[in-house]
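Predicted model, so just to flag it, every value in this text is computed and none were measured.
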Number of protein chains: 2
Amino acid sequence: MRPYNQYCPVAHALDLVGERWSLLLVRELQHGPLRYSDLHDRLVGCSTNVLASRLRDLETAGVITRRRLPPPAASNVYELTESGRALGPVIAALARWGLRTLGPPQGDAAPSPGWLEKALRTTVAPFAPSARIGFSIDGEEATLDAGAVVEGLLDEPDAVVRGTPADLYALLVDGDTGAAEIDGDRAVIEALIGALATTQPVA
Amino acid sequence: MRPYNQYCPVAHALDLVGERWSLLLVRELQHGPLRYSDLHDRLVGCSTNVLASRLRDLETAGVITRRRLPPPAASNVYELTESGRALGPVIAALARWGLRTLGPPQGDAAPSPGWLEKALRTTVAPFAPSARIGFSIDGEEATLDAGAVVEGLLDEPDAVVRGTPADLYALLVDGDTGAAEIDGDRAVIEALIGALATTQPVA
DNA sequence: CCGCATCCCCAAAGATACTG
DNA sequence: CAGTATCTTTGGGGATGCGG
């Protein structure tokens with residue numbers, strides 16, 4: 001991309017990660033290293049040449065690293081550098097803003113495995129209260145435990161939320177406590193909703 | 001821009017403000033409404049057709065509004081909507097990440113009027129301790145007062161920082177307390193540096 | 001002047017085929 | 001699997017024009 005040529009941290013950041021697909025690529029790598037074809041599968045619509053170009057640019061920018069796995073798994077994986085992981089607050093801020101107008105998930109949406117864990121990690125975890133909240137949504141299970149997200153339902157949660165993706169959206173975005181089934185301490189759920197509703201984040 | 005077609009808040013946010021110049025345009029409007037030609041002057045390199053296109057798209061997206069000033073100042077101004085103002089955390093997160101690799105300002109840089117106030121507001125204010133810190137940098141004066149930024153030097157500050165833009169950069173980004181001249185309570189300056197450093201590990 | 005719309009040109013994105 | 005090569009299409013940059 002042609003640089004903006006402005007001495008401004010925002011412009012400089014966009015010089016590095018402002019191109020099309022760049023931040024979505026970083027988003028995919030936030031949950032662990034991936035191979036080229038994994039990335040190509042997840043970034044539907046991103047053609048191979050564009051993906052290769054972005055990987056090169058982001059490596060030059062110091063955001064990602066290419067690493068060759070040791071035999072017998074002789075393949076390359078891409079992973080975030082420390083600088084790339086530092087983009088977490090940027091992704092989270094974008095996610096929270098995007099939620100304002102995203103709208104609830106449509107019924108025919110078939111999310112990919114691990115979607116719940118990733119969704120909680122990027123948009124909810126940075127603002128979560130120090131409680132243990134389990135989620136069982138449409139077959140996926142994850143637990144928000146004092147700001148961290150783990151797979152499955154941990155023992156002795158303060159509360160557990162069950163329902164569909166649309167129920168989860170209604171609960172966390174609209175604050176509609178009637179949609180999902182809530183077991184346990186409803187106060188921690190209210191606290192979570194309140195934390196998400198306040199619009200002064202960035203952790 | 002062609003949409004990403006992903007049910008993801010990040011992708012949706014980028015569908016709305018991910019195009020070239022969009023976020024820089026929002027950045028310019030963060031400190032008050034501006035006219036078309038004002039924006040064109042500040043976004044050097046953004047051609048007129050692209051600027052007009054972005055303004056239309058952002059208005060459609062509900063991020064900005066066009067308003068006709070009453071006579072005799074019969075001209076249009078553009079200003080952020082509530083949704084546009086909600087992009088503040090996104091801009092701030094990008095700014096903080098961009099600072100990691102931006103580097104100190106070059107000597108021949110002639111910043112625009114009000115740069116200090118804007119810089120403090122976007123990158124420093126969200127993380128400032130509850131103190132009154134004055135800044136007198138290269139003729140510009142501003143005060144950070146319990147998270148708010150005002151023009152000029154307020155009375156009875158806890159501390160005052162004086163120096164060049166490069167000194168300010170060295171102080172706030174590198175944590176180099178030797179560059180700028182610091183009057184008053186150095187502890188609040190240390191607290192500010194600490195608050196900036198905790199969420200922004202400099203490479 | 002201010003606020004764009006038009007036109008032209010080139011760079012970048014999308015799609016597909018192909019190769020080590 | 002991990003890209004490169006090639007082609008087409010879209011979008012941005014720059015200049016100009018033009019009505020209010």
Side-chain angles (χ1 to χ4, degrees), chain A residues 1-6 10-11 14-29 32-61 64-79, chain B residues 1-6 11 14-29 32-61 63-79:
Chain A
M1 189 203 287
R2 175 182 299 200
Y4 286 114
N5 282 325
Q6 298 183 6
V10 181
L14 292 174
D15 279 338
L16 299 179
V17 296
E19 283 174 309
R20 188 161 166 80
W21 296 110
S22 289
L23 279 175
L24 294 186
L25 207 158
V26 172
R27 176 200 66 184
E28 293 300 329
L29 293 178
L34 290 174
R35 295 174 304 175
Y36 183 93
S37 43
D38 297 327
L39 287 166
H40 183 56
D41 292 343
R42 293 168 197 231
L43 299 176
V44 181
C46 181
S47 54
T48 60
N49 49 2
V50 173
L51 177 55
S53 175
R54 289 298 171 278
L55 288 169
R56 250 182 280 116
D57 297 342
L58 289 176
E59 190 175 11
T60 303
I64 66 175
T65 320
R66 175 192 317 224
R67 185 162 51 98
R68 167 153 249 113
L69 290 185
S75 66
N76 302 324
V77 290
Y78 295 90
E79 57 189 343
Chain B
M1 190 201 289
R2 175 181 300 201
Y4 285 114
N5 284 325
Q6 296 184 5
L14 292 174
D15 279 339
L16 299 179
V17 296
E19 283 174 308
R20 188 162 168 79
W21 295 109
S22 289
L23 278 176
L24 293 186
L25 207 158
V26 173
R27 176 200 64 184
E28 292 301 329
L29 292 179
L34 289 175
R35 294 176 304 173
Y36 183 92
S37 41
D38 296 328
L39 287 166
H40 183 56
D41 291 344
R42 293 170 197 229
L43 300 177
V44 181
C46 180
S47 52
T48 61
N49 51 358
V50 174
L51 177 56
S53 174
R54 290 298 172 275
L55 288 169
R56 248 184 283 115
D57 297 342
L58 290 175
E59 190 176 12
T60 303
V63 174
I64 66 175
T65 320
R66 173 193 317 226
R67 184 162 53 96
R68 167 153 252 111
L69 290 184
S75 66
N76 303 324
V77 289
Y78 296 90
E79 56 190 343

_Steps toward side chain to side chain contact (heavy atoms under 4.5 Å, CB included) verdict (B:V44, A:N5)_ = CA-CA 8 Å; B:V44 181; A:N5 282 325; over 6 Å; no
Distance in angstrom units between [X] [atom1] and [N] [atom2], rounded:
{"X": "A:R42", "N": "D:dC1", "atom1": "CZ", "atom2": "P", "result": "13 Å"}
{"X": "A:L39", "N": "D:dA2", "atom1": "CG", "atom2": "P", "result": "10 Å"}
{"X": "B:L51", "N": "C:dG3", "atom1": "CG", "atom2": "P", "result": "10 Å"}
{"X": "A:L43", "N": "D:dG3", "atom1": "CG", "atom2": "C1'", "result": "15 Å"}
{"X": "A:E19", "N": "D:dG12", "atom1": "CD", "atom2": "P", "result": "13 Å"}
{"X": "A:N5", "N": "D:dG14", "atom1": "CG", "atom2": "P", "result": "10 Å"}
{"X": "B:D57", "N": "C:dC4", "atom1": "CG", "atom2": "P", "result": "13 Å"}
{"X": "B:L25", "N": "C:dC4", "atom1": "CG", "atom2": "P", "result": "12 Å"}

Using a cutoff of under 3.5 Å, can you pull out all pairs of nitrogen or oxygen atoms linking the protein to nucleotides 16-20 of chain C, with atom names and distances?
| unit_1 | atom_1 | unit_2 | atom_2 | d |
| --- | --- | --- | --- | --- |
| C:dT16 | O4 | A:T48 | OG1 | 3.3 |

Identify the two heavy atoms, one from [X] and one from [Y], that lie closest to each other, and give their separation to 0.1 Å.
{"X": "B:A61", "Y": "B:L16", "value": "CB-CD2, 3.9 Å"}
{"X": "A:A11", "Y": "B:R27", "value": "CB-NH1, 4.3 Å"}
{"X": "A:Y36", "Y": "A:T48", "value": "OH-O, 2.8 Å"}
{"X": "B:P3", "Y": "A:R20", "value": "O-NH2, 4.0 Å"}
{"X": "A:G18", "Y": "A:M1", "value": "C-CE, 3.4 Å"}

_Test of understanding: with side-chain hydrogen bond (donor to acceptor under 3.5 Å, both in side chains), list the residues that count as partners of A:R67, not counting sequence neighbours._
A:E79
_Closest-nucleotide 5' rank along DNA chain D - winner of A:N76 and A:Y4_ =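 Looking at the nearest nucleotide for each, A:N76 comes out on the 5' side.
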Let's see if you can work this out: which of [options] has an atom nearest to the side-chain heavy atoms of [X]?
{"X": "B:V50", "options": "C:dG3, D:dG12, D:dA2", "value": "D:dG12"}
{"X": "A:R20", "options": "C:dG14, C:dG3, C:dA5", "value": "C:dG14"}
{"X": "B:R54", "options": "D:dG11, C:dA13, D:dT4", "value": "D:dG11"}

Tell me whether the OP1 or OP2 atom of [N] has a side-chain N or O from [X] closer than 4.0 Å.
{"X": "A:S75", "N": "D:dC1", "answer": "no"}
{"X": "A:R2", "N": "D:dG14", "answer": "yes"}
{"X": "A:Y36", "N": "D:dT4", "answer": "no"}
{"X": "B:R56", "N": "C:dA5", "answer": "yes"}

_In dot-bracket form, 5' to 3', how is DNA chain C paired? Count Watson-Crick and G-U wobble pairs only if both distances fall under 3.5 Å, and write | where the partner sits on another strand._
|||||||||||||||||||.
*Which part of the nucleic acid, if any, lies within contact of B:R66, taking any heavy atom under 4.0 Å across all strands shown: a base, the sugar-phosphate backbone alone, or nothing?*
sugar-phosphate
*Report the C-alpha separation of A:L43 and B:Q6 in whole Å, then their side-chain angles, then the decisive distance to 0.1 Å, and conclude whether the side chain to side chain contact (heavy atoms under 4.5 Å, CB included) test is met.*
CA-CA 9 Å; A:L43 299 176; B:Q6 296 184 5; 4.3 Å; yes
*Would you say the side chain of A:L29 lies within less than 4.5 Å of the side chain of A:L39, judging by non-hydrogen atoms?*
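When only atoms from C-beta onward are counted, A:L29 and A:L39 do touch, with a gap below 4.5 Å.
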*Parallel, tilted or perpendicular for A:W21 and B:Y4, by the 30°/60° rule?*
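Rings of A:W21 and B:Y4: perpendicular, as their planes differ by over 60°.
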